[in-house]
Amino acid sequence: MANPSVKSGHIRIANDLWLAWMKTGPLKERVLKAIIYECWGFPERRELKEPVPLTRGRISKLTGIAHKSSISALLGELVTEKKVFKLPG
């Protein structure tokens, strides 16, 4: 999953369905779905080809995970597993 591209195919899904799905499943899966939603859910952001700023607060709101420390730990796991990467800064 080093360089995902819609050119390789994609699935269209209604925002309401995706938003509901983000609040279900294991916590790490919820965080990953929130990242996908924020980074790939808006064509205009993809066209900018710039990093999408994403805060723990925004992830909390999207996923229903209340504790930001839990989100930090889950993000750390996703980075270690190379499923997402964190930009310096």
Side-chain angles (χ1 to χ4, degrees):
M1 199 163 89
N3 191 13
S5 170
V6 295
K7 293 176 184 174
S8 300
H10 66 283
I11 298 170
R12 291 182 58 147
I13 185 170
N15 281 340
D16 290 340
L17 180 58
W18 186 270
L19 290 168
W21 188 41
M22 268 192 292
K23 295 188 182 202
T24 62
L27 298 181
K28 194 184 323 182
E29 181 182 326
R30 291 185 196 186
V31 171
L32 185 56
K33 288 187 281 191
I35 292 168
I36 291 168
Y37 177 76
E38 286 294 303
C39 295
W40 287 87
F42 303 95
E44 61 275 3
R45 288 188 184 170
R46 284 196 312 269
E47 291 170 9
L48 291 176
K49 297 187 186 328
E50 294 179 4
V52 176
L54 187 57
T55 65
R56 291 178 304 158
R58 179 68 178 147
I59 293 172
S60 175
K61 182 178 178 182
L62 290 168
T63 62
I65 301 170
H67 301 286
K68 291 180 183 175
S69 59
S70 297
I71 292 171
S72 293
L74 294 163
L75 285 169
E77 289 177 29
L78 289 168
V79 169
T80 300
E81 295 168 1
K82 299 185 185 215
K83 292 185 177 162
V84 299
F85 63 92
K86 182 177 180 181
L87 297 173

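The structure displayed is predicted, hence computed values, not measured ones. Note that the numbering runs from 1 along the sequence shown for the chain.
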Spacing of [atom1] belonging to [X] relative to [atom2] belonging to [Y], to within rounding of 0.5 Å:
{"X": "K28", "Y": "E81", "atom1": "NZ", "atom2": "CD", "result": "3.5 Å"}
{"X": "M22", "Y": "I36", "atom1": "CE", "atom2": "CD1", "result": "10.0 Å"}
{"X": "L54", "Y": "K86", "atom1": "CG", "atom2": "NZ", "result": "11.5 Å"}
{"X": "L32", "Y": "T63", "atom1": "CG", "atom2": "OG1", "result": "12.0 Å"}

Exercise. Would you please test I59 and I65 for side chain to side chain contact (heavy atoms under 4.5 Å, CB included) and show each step?
Key: CA-CA 8 Å; I59 293 172; I65 301 170; 5.6 Å; no

Quiz item: Does any N or O in the side chain of K33 come within less than 3.5 Å of the main-chain N or O of L62, such that one atom is a donor and the other an acceptor?
Solution: no

Exercise. Tell me, please, which residues at least two apart from S72 pass side chain to side chain contact (heavy atoms under 4.5 Å, CB included).
Key: R56

Exercise. Go through the steps for V31 and L27 under the test side chain to side chain contact (heavy atoms under 4.5 Å, CB included), then give the verdict.
Key: CA-CA 6 Å; V31 171; L27 298 181; 5.7 Å; no

